[in-house]
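Below: one structure, written as structure tokens.
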Amino acid sequence: MRAPNILLLTPAIIIAGVAILYPLTTSIYISLHDIGPAGSGWVFVGGKHYVEMFSNRFFYQALVTSVIYTLMSVLLSLLLGVSAALLLRQLNRGRGFAEALFVIPLAVSPILGGIVWSPPAVWDDLNSFLHYAFNLPFIDVTDPLTYFPIMVLSETWLWSPLFMLATLVILDGIPKDGFEAAQVMGASGRQILTLVYLPAVFRSRVTSMLVALKSVDFFRSFEIPFAWSLWVRESQLGAPTDTLSLMLFKMLITPSSDSGIPIPYISAVSTALMAVSLLATLPIYRLVTRIWVGGTR
Amino acid sequence: MGGWNPMNPVKPLIYILILALTLFYLYPVVVIVLEGFDTDISPLLAPGIRLIGGVPYYSGGITPSLVYYVDMFAVQGFQRLIANSLVIGLGATFLAVFFGVFTAYGLTFHIRRSGRLYDFIMLVMRGVPPFLLLIPLLLTLSSWRLWDTHVGMILAYLTLNAPIAYLVLRSLMNELPRELVEAALTMGCNAWTAVSRVVMPLLMPGILVTVVFMLVLTWNEFLLASLLTGPVARTVSVGVWAGVGEQIGTFRTVEFEAQAAAGTVALIPVATIILFLRRRLVRLFTLSPTT
């Protein structure tokens, strides 16, 4: 059984080479070098860019922004998704139809998510409506305290349907006799909600998995902050829109006066952030193995 | 069959809340679709009120026309972008799923010990910062003269999506009865025939769903495409942002109605797919055996 084993490993090695080894080794190599004077290629500089990262205030700012953005997005998505699912379950007719309407944002690409909630799409009209109907003052979307929550709202709009679908799948999986018995015994609607539905949702491994994986995704979020940096004209570094991904993007496309494009620095930040994905993967890995061995409950 | 009594006074409130949610989820999409069919006399003064230097300006009215769609297809050649996205998406998806099936098969049924470490590494790679992939890709593709080519983009998306494809396929493979594959192997199947005659036919629905899912992911991807493509291999989602214009459109002012029209065209096929997949999305995203 020796020979077939090695043959069987070939696809695994190819994927690992293309998707792991190549980007990782290249990034680490670049992060330890500098682009030398014309023609001289890469010059080894050691940990210079890592030191630079820890003394750069834009890095800390973007890190904090990303963390807040992630927490707000994941909490709001969970809250809205679970509420939407609980509401849908109260419908006797048209539940499937309403569910189909609610999942449409999942088809919207993240960059289009930045467009559909933009000032010309929603906020200008809403402003004129509120103004003419209720004589309210205009919502100033150029204020960071307004547009940051809107960015989170756009992210929630895109992804809460996924949390809703997960909740529906979990609730449909609850054995019917359980809560029918509860009803017969005279449990009120609220008791069924707090003693049957909510524990089922929040104890499910599917929910934990979704929260963990989407937190990682929100932490890397790029498209919606990028779109908003255009809507509110925040193209400079250090703007309140800057998540880590957007900060690195801005460094890459905005030529800086002194040292050209800081490619090694960008690689150093990305490599350092690998630590975050490693840490985040530990609980995710534990969940995955439990789910694959013992199911979702 | 909800748990609540139909005579419950809470019922009207539930309908109101569901109506509010419908408005929340659908309104932005409806606006985008309508904007694409609406021309403005001046692109600077789209309908609505905006603050220009603190002073509110109002311009309104809807002038229905197909001007953005005609411009998009007849002048800007949006169909070329659609073709690019399809070629790149199909290429990258085929490779990711092909290698993914064999890797998942090998690690699930033959080399089980290495499988767990491999799963861990793939989960890490699913969550890496995008620039960890982008900078190496940018440098390699330009030095190999593959920047802004279909082959280059297929490689880029293979790097990005191979871990996701592998993980989804591994979660499928995991549910296959082990005895079945072992029986096939003892009865004379080799690895190749076990995959092609036993595993693939059994998992075909799941593999097809994975393929469709990977196609949607590549179709919607923006960051890699915006930095690794130029005028030749530009994909749909970059075109949507650029309002299909010739510039890459990074921090350039873009025409909103052109974005809306392109966004509508990009959205229709994906929305159809998502409606069909719906609850299967939960399993695709969470790697859990749910539906």
Measuring heavy-atom distances to chain A, does [X] have an atom under 4.5 Å in its side chain, in its backbone, in both, or in neither?
X	answer
B/Leu160	neither
B/Phe98	neither
B/Leu277	neither
B/Val216	neither
B/Leu123	both

In terms of heavy-atom proximity below 4.5 Å to chain B, should [X] be classed as side chain, backbone, both, or neither?
X	value
A/Ser118	side chain
A/Ile14	side chain
A/Leu287	neither
A/Ala182	neither
A/Ala280	neither
A/Ala212	neither

Can you tell me which of [options] forms the most heavy-atom pairs within a distance under 4.5 Å of chain B?
options	answer
A/Ile115, A/Asp172, A/Leu210	A/Ile115
A/Ile28, A/Ile291, A/Val216	A/Ile291
A/Leu106, A/Val206, A/Val103, A/Ile20	A/Ile20
A/Trp157, A/Phe222, A/Tyr29, A/Phe163	A/Trp157
A/Ser208, A/Ser245, A/Ala121	A/Ala121
A/Leu162, A/Ile30, A/Leu88, A/Ile104	A/Leu162

Let's test your reading of the structure: which of [options] forms the most heavy-atom pairs below 4.5 Å with chain A?
options	answer
B/Leu17, B/Leu133, B/Ile18	B/Ile18
B/Pro163, B/Gly263, B/Ala271, B/Ser171	B/Ser171
B/Glu175, B/Arg126, B/Met122	B/Arg126
B/Leu137, B/Leu107, B/Ile273	B/Leu137

Under 3.5 Å side-chain donor-acceptor pair for [X] and [Y]:
X	Y	answer
B/Glu257	B/Gln259	no
A/Tyr197	A/Thr167	no
B/Tyr27	B/Thr22	no
B/Thr108	B/Arg170	yes

Please check if the number of heavy atoms outside A/Trp42 that lie under 6.0 Å from its CH2 is greater than 12. yes
Centroid separation under 6.0 Å, is that true for the rings of [Y] and [X]?
X	Y	value
B/Phe102	B/Trp192	yes
A/Trp159	B/Phe285	yes
A/Trp117	B/Phe24	yes

What orientation do B/Tyr118 and B/Tyr166 show, parallel under 30°, tilted 30 to 60°, or perpendicular over 60°? perpendicular
Please verify the inter-ring angle class for A/His131 with A/Phe138; under 30° counts as parallel, over 60° as perpendicular, anything in between as tilted. parallel
Under a 4.0 Å N-O cut-off, is there an ion pair linking B/Asp119 with B/Arg116? no
Side chain proximity check, A/Ser109 to B/Trp219, heavy atoms < 4.5 angstrom: no
